[in-house]
Amino acid sequence: MHQKLLSLLRCPQTGETLTEVDAHSLVNQSGTHRYPVIHGIPDFRHFDPPYMTRQEESDAADRIAEASRTMDYDALIEFFERKIFPHPRPDAKIDASIEHRRSLAIRSPSRLESLLDITARQALPKGVTLDLGCGSGEACAALKQRGAAMTVGLDISLVELMLAKKLLAEKGEEAFLVAGCAEALPFASETLDFIYSPDVIEHVSDQSAYLSEAQRALKPGGNLLLNSPNRFSIVSPEPHIGVWFFGFLPRAAMDPVCKLLGKGGYIGKRLISLNELRAILDRTFPKHRIEYRRSNPRSHSLPGKVFFATRAVAEPAFSYVCDQHIVFTEK
């Protein structure tokens with residue numbers, strides 16, 4: 001394992017330093033916790049990956065590693081979706097998933113630029129930058145190009161990390177990949193300069209722990225940039241299932257209603273409101289800003305003109321029902 005990465009890593013259970021036992025495992029200083037290294041990716045996860053069992057994931061990772069030797073990234077994602085994905089799906093869904101993955105190569109860097117623009121680029125990726133919830137790695141290269149000296153991608157899905165490994169190798173970009181939980185980061189305190197974490201907060205099991213861990217791992221003066229889809233949006237449907245006003249349901253009703261609508265179970269998703277987001281940030285990051293869509297002085301539509309004319313009242317009111325909140329913090 002690269003010494004740069006090893007110097008950052010700590011046992012997420014005890015906070016102790018880690019030592020390489022061999023090419024396939026790490027152990028903490030007291031010898032109480034051992035972590036596997038799978039196809040070069042250290043695995044610190046506390047719980048099972050989403051959407052497949054550990055065994056299914058292990059088998060998928062092995063097949064991806066083997067296929068990576070002869071396939072380029074584009075062929076690899078098609079091979080994964082059609083031949084490896086463990087659950088049967090209609091061809092239309094498979095095709096849509098492949099196209100979605102292909103589009104991420106363009107959308108992810110654009111998303112980074114958009115979020116940086118919303119925060120007026122008050123801070124840019126720098127020093128040791130963590131892509132928290134990196135998925136298949138599309139933003140890792142963009143973070144490096146925007147100023148990060150060293151990029152680390154962490155995700156709970158080993159399969160996504162295996163795809164990220166291939167994508168980054170194909171691009172000739174260096175980024176270190178780690179399997180782990182956002183609620184228990186395997187990094188020493190005050191080691192990270194910048195954390196980028198889009199579309200993650202609604203998927204973690206404990207949102208307070210997620211932000212507390214980000215705060216712990218950041219150096220003083222370090223920054224966190226994330227977005228949080230708004231539970232009570234009236235301008236867009238729930239982004240994962242496409243149902244309008246879904247967030248206004250009581251939480252206990254969300255899963256059964258989702259199944260009743262033929263969308264499957266509503267699991268691994270918990271959108272939060274502006275008030276919930278503020279409460280968590282007040283506890284974890286006293287220095288924070290929450291941004292959202294503002295009025296446009298150049299709007300030519302009547303609603304746009306009215307929104308701008310009444311912005312002193314309209315913008316704060318709209319913040320409670322907008323599509324998403326952009327969070328920028330400083331430690």
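The first residue in the sequence is number 1, and the count goes up from there.
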**OP:** State, yes or no, whether a side-chain contact exists between Leu76 and Leu163 at a heavy-atom distance under 4.5 Å.
**Re:** yes
Original post:
Among Val327, Thr284, Val204, Thr329, which one satisfies side-chain contact (heavy atoms from CB on, under 4.5 Å) with Leu211?
Top reply: Thr284
**OP:** Tell me, with the steps shown, if Arg10 and Thr17 meet side chain to side chain donor-acceptor pair (under 3.5 Å).
**Re:** CA-CA 5 Å; Arg10 295 293 184 272; Thr17 57; 5.8 Å; no
**OP:** Taking the side chain as every heavy atom from C-beta outward, state whether Cys140 and Leu168 have any atom pair closer than 4.5 Å.
**Re:** yes
**OP:** Would you confirm whether the ring centroid of His39 sits within less than 6.0 angstrom of the ring centroid of His24?
**Re:** no
**OP:** Under 4.5 Å between side-chain heavy atoms, chaining through other members, with only Ile, Leu, Val, Met, Phe, Trp and Tyr counted: pull out the rest of the cluster around Leu112, sorted by chain and number.
**Re:** Leu115, Leu116, Ile118, Leu124, Leu143, Phe194, Tyr196, Leu225, Ile326
Original post:
Hey, does Glu81 have a side-chain heavy atom less than 4.5 Å from the side chain of His100?
Top reply: no
Original post:
Just checking, any donor-acceptor pair under 3.5 angstrom between side chains of Ser205 and Glu183?
Top reply: yes
Original post:
Hey, does Met71 have a side-chain heavy atom less than 4.5 Å from the side chain of Lys166?
Top reply: no
Original post:
Ring centroid separation for Phe176 and His2, is it under 6.0 angstrom?
Top reply: yes
Subject >> Results of side chain to side chain contact (heavy atoms under 4.5 Å, CB included) for Ser7 - residues two or more places apart only >> reply: none
Original post:
Can you tell me if Thr129 uses its side chain to pair, donor with acceptor, with the backbone of Pro125 under 3.5 Å?
Top reply: no
**OP:** Could you tell me whether Arg111 and Glu138 have a side-chain N and a carboxylate O separated by less than 4.0 Å?
**Re:** no
Subject >> Side chain proximity check, Ile280 to Tyr210, heavy atoms < 4.5 angstrom >> reply: no
Original post:
What closest approach, in Å, do Ala214 and Leu224 show between heavy atoms, and which atom pair accounts for it?
Top reply: CB-CD2, 4.3 Å
**OP:** Could you tell me if the ring centre of Phe232 sits under 6.0 Å from that of Phe248?
**Re:** yes
Subject >> Reference residue Leu218; test side-chain contact (heavy atoms from CB on, under 4.5 Å); the match among Ile195, Val128, Thr191, Leu130 >> reply: Ile195
Original post:
Does atom NZ of Lys171 have more than 12 heavy-atom neighbours, drawn from other residues, nucleotides or ligands, at distances under 6.0 Å?
Top reply: no
Original post:
Can we say Glu213 and Arg216 salt-bridge, meaning some charged N sits less than 4.0 Å from an Asp/Glu carboxylate O?
Top reply: yes
**OP:** Measure from NZ or CZ of Arg89 to the centre of the six-membered ring of Phe85, then state whether that distance is under 6.0 Å and the direction lies within 45° of the axis.
**Re:** yes
Original post:
Which pairs pass salt bridge (charged side-chain N to carboxylate O under 4.0 Å, His left out) with one or both residues in residues 261-270, sequence neighbours excluded?
Top reply: Arg270-Glu276
Subject >> Evaluation steps, side chain to side chain donor-acceptor pair (under 3.5 Å), between Tyr266 and Glu238 >> reply: CA-CA 11 Å; Tyr266 195 71; Glu238 201 285 347; 2.7 Å; yes
Original post:
Between Lys144 and Glu173, is the closest basic N to carboxylate O distance under 4.0 Å?
Top reply: no
Original post:
Taking 4.0 angstrom as the limit, do Lys165 and Glu160 come out as a salt bridge?
Top reply: no
Original post:
Would Ser30 and Glu16 satisfy side chain to side chain donor-acceptor pair (under 3.5 Å), going step by step from the backbone distance to the final call?
Top reply: CA-CA 8 Å; Ser30 58; Glu16 296 173 305; 2.8 Å; yes
**OP:** Salt-bridge test for Arg63 and Asp59: reply yes if a basic N is under 4.0 Å from a carboxylate O, no otherwise.
**Re:** no
Subject >> Carboxylate-amine/guanidinium proximity below 4.0 Å for Lys219 and Asp193 >> reply: yes
Subject >> Asp43 side chain near Val37 side chain, heavy-atom distance below 4.5 Å >> reply: no
**OP:** Give the minimum heavy-atom separation between Pro239 and Leu271, together with the two atoms involved.
**Re:** CD-CD2, 3.8 Å
Original post:
Any salt bridge between Glu57 and Arg54, counting N to O under 4.0 Å?
Top reply: no
Subject >> Glu291 and Arg289 ion-paired at < 4.0 Å >> reply: yes
**OP:** Consider only side-chain N and O atoms of Asn230 and Asp323, and report whether a donor and an acceptor are under 3.5 Å apart.
**Re:** no
Original post:
Under a 4.5 Å cut-off applied to non-hydrogen side-chain atoms, are Val321 and Leu274 in contact?
Top reply: no
**OP:** Using a 4.5 Å cut-off on heavy atoms from C-beta on, say whether the side chain of Lys83 contacts that of Glu78.
**Re:** no
**OP:** Carefully, step by step, assess Asn223 and Glu330 under the rule side chain to side chain donor-acceptor pair (under 3.5 Å).
**Re:** CA-CA 5 Å; Asn223 303 111; Glu330 180 179 341; 4.6 Å; no
Subject >> Which atom of Leu26 lies closest to which atom of Val21, heavy atoms considered >> reply: C-CG2, 4.2 Å
